[in-house]
Amino acid sequence: METKKTKKVKRFRGIESAFLVIVGCFIVALCIFKFVLGNPDNFMNGDPSGHPLPGNMLGTIYKGGIIVPVLQTLLLTVLVLSVERAFAISKAKGKGNLTKFVQNIKNALAAGDIQKAQDFCDKQGGSVANVVTSVLNKYVEMEGNDTLTKEQKLSYIQKEVEEATALELPSLEQNLAVVATMTTLGTLVGLLGTVLGMIKSFAALANAGAPDSVALSTGISEALVNTAFGIATGALAVISYNFFTSKIDKITYCIDEVGFTIVQTYAATHK
């Protein structure tokens, strides 16, 4: 039986350069830090070097110092890459329910209807469907081959499963390494900002005579703001990384399940 040849439709596979995302986020973070957080309206007497207005959070965050835009860059990068991964993985799953798609493929193979299985792939789209399409084409090719033994044919089909999977997985895991890095980097940069803030606080306390209240409060604000930003960035990165990793694991499991089914179907229906 021959399957009809399908034209592969290009789908969104994600942002290839995470570096450009980081640079873009850094520029945005600097603008927010300078023009939003550092707006004179957030401070007493319109002076960003002085105290923030009582209860003004924007001014308080600004007093966190130069580490704040760095932490904002990391936080924005995690947010952007999380949205990017959500969109890319959604496209990779295809149009319908993935579990139902796998079951439909298994039912079509059990009935010996390869063309029906191919039709399901055309309708579903996505990474799993791409892998199944490649393996089904190899399946049909092996059916028309009279020179190879059954064991060799099974080996070729299994190899096709592995190769097709290897082509799809990198696009699913793209940029997740950057998100994983942010889990540690965000916390460490926040800790650095905390230490710098405490150094300023103790320097203010060490002054002869009355401590400089402005310098003291600035140091404390810097320490606390950077701590908060560091924890928020690290926590969000951990949640994002684990969430998308679990989604990818599900897709990988579906690919393995269908690949195993195709190989076993060929083994059971051919001599």
Side-chain angles (χ1 to χ4, degrees), residues 11-33 36-37 57-58 60-94 97-99 126-128 165-166 168-199 220-257:
R11 62 178 176 82
F12 178 76
R13 290 179 176 270
I15 299 174
E16 295 183 359
S17 178
F19 176 76
L20 294 179
V21 173
I22 295 174
V23 171
C25 290
F26 180 66
I27 294 173
V28 172
L30 283 178
C31 292
I32 293 175
F33 182 74
V36 179
L37 303 180
M57 284 302 299
L58 296 180
T60 302
I61 294 174
Y62 179 81
K63 302 307 290 185
I66 193 60
I67 297 295
V68 170
V70 177
L71 286 168
Q72 285 180 322
T73 299
L74 300 181
L75 182 60
L76 288 173
T77 299
V78 172
L79 290 173
V80 171
L81 292 183
S82 295
V83 173
E84 178 262 352
R85 281 296 86 197
F87 190 64
I89 291 177
S90 175
K91 290 294 183 179
K93 289 173 64 178
N97 182 276
L98 200 54
T99 302
S127 293
V128 180
T165 302
E168 292 292 333
L169 286 184
S171 65
L172 298 178
E173 298 173 349
Q174 185 173 280
N175 294 329
L176 280 184
V178 177
V179 176
T181 302
M182 298 300 175
T183 61
T184 302
L185 188 59
T187 304
L188 291 177
V189 174
L191 180 60
L192 174 62
T194 301
V195 172
L196 293 177
M198 295 308 297
I199 289 174
I220 294 174
S221 295
E222 183 171 346
L224 296 179
V225 166
N226 289 322
T227 299
F229 261 113
I231 292 174
T233 301
L236 180 62
V238 169
I239 293 172
S240 176
Y241 180 79
N242 290 334
F243 176 78
F244 291 118
T245 297
S246 66
K247 293 291 185 181
I248 293 172
D249 287 343
K250 181 179 179 180
I251 293 176
T252 303
Y253 174 77
C254 290
I255 291 175
D256 292 339
E257 184 179 5

Practice task
Report the C-alpha separation of Ile22 and Thr73 in whole Å, then their side-chain angles, then the decisive distance to 0.1 Å, and conclude whether the side-chain contact (heavy atoms from CB on, under 4.5 Å) test is met.
Solution key: CA-CA 7 Å; Ile22 295 174; Thr73 299; 4.2 Å; yes
Do [X] and [Y] have side chains that get closer than 4.5 Å, going by heavy atoms?
| X | Y | answer |
| --- | --- | --- |
| Leu76 | Val28 | yes |
| Ser82 | Phe244 | yes |
| Ile251 | Ile89 | yes |
| Ile66 | Leu196 | no |
| Phe26 | Leu30 | yes |
| Leu188 | Leu192 | no |
| Lys250 | Thr99 | yes |

Polar side-chain atom of [X] near backbone of [Y] as donor-acceptor pair, under 3.5 Å:
| X | Y | result |
| --- | --- | --- |
| Arg85 | Leu172 | yes |
| Gln174 | Ile15 | yes |
| Thr252 | Ile248 | yes |
| Thr233 | Gly230 | no |
| Ser171 | Glu168 | yes |
| Thr183 | Val179 | no |

At what distance, to the nearest 0.5 angstrom, does [atom1] of [X] lie from [atom2] of [Y]?
| X | Y | atom1 | atom2 | answer |
| --- | --- | --- | --- | --- |
| Ser127 | Lys93 | OG | NZ | 11.5 Å |
| Met198 | Thr194 | CE | OG1 | 9.0 Å |
| Thr77 | Glu84 | OG1 | CD | 12.0 Å |
| Leu176 | Asn242 | CG | CG | 10.5 Å |
| Leu71 | Ile61 | CG | CD1 | 11.5 Å |
| Leu79 | Met182 | CG | CE | 11.0 Å |

Exercise for the section: Using side-chain contact (heavy atoms from CB on, under 4.5 Å) as the criterion, point out the one residue from Leu20, Val21, Ile27 that pairs with Val23. Expected result: Ile27
Exercise for the section: Scan Val70, Leu75, Val68 and name whichever one has a side-chain contact (heavy atoms from CB on, under 4.5 Å) with Gln72. Expected result: Val68
Exercise for the section: Determine whether more than 12 heavy atoms belonging to other residues, nucleotides or ligands lie under 6.0 Å from atom CZ of Phe33. Expected result: yes
Practice task
Search all heavy atoms of Asn175 against all heavy atoms of Ala18 and return the closest pair with its distance.
Solution key: OD1-CB, 3.5 Å
Handout entry: Over all atoms of both residues, closest heavy-atom pair of Cys25 and Val80
Key = SG-CG2, 4.0 Å
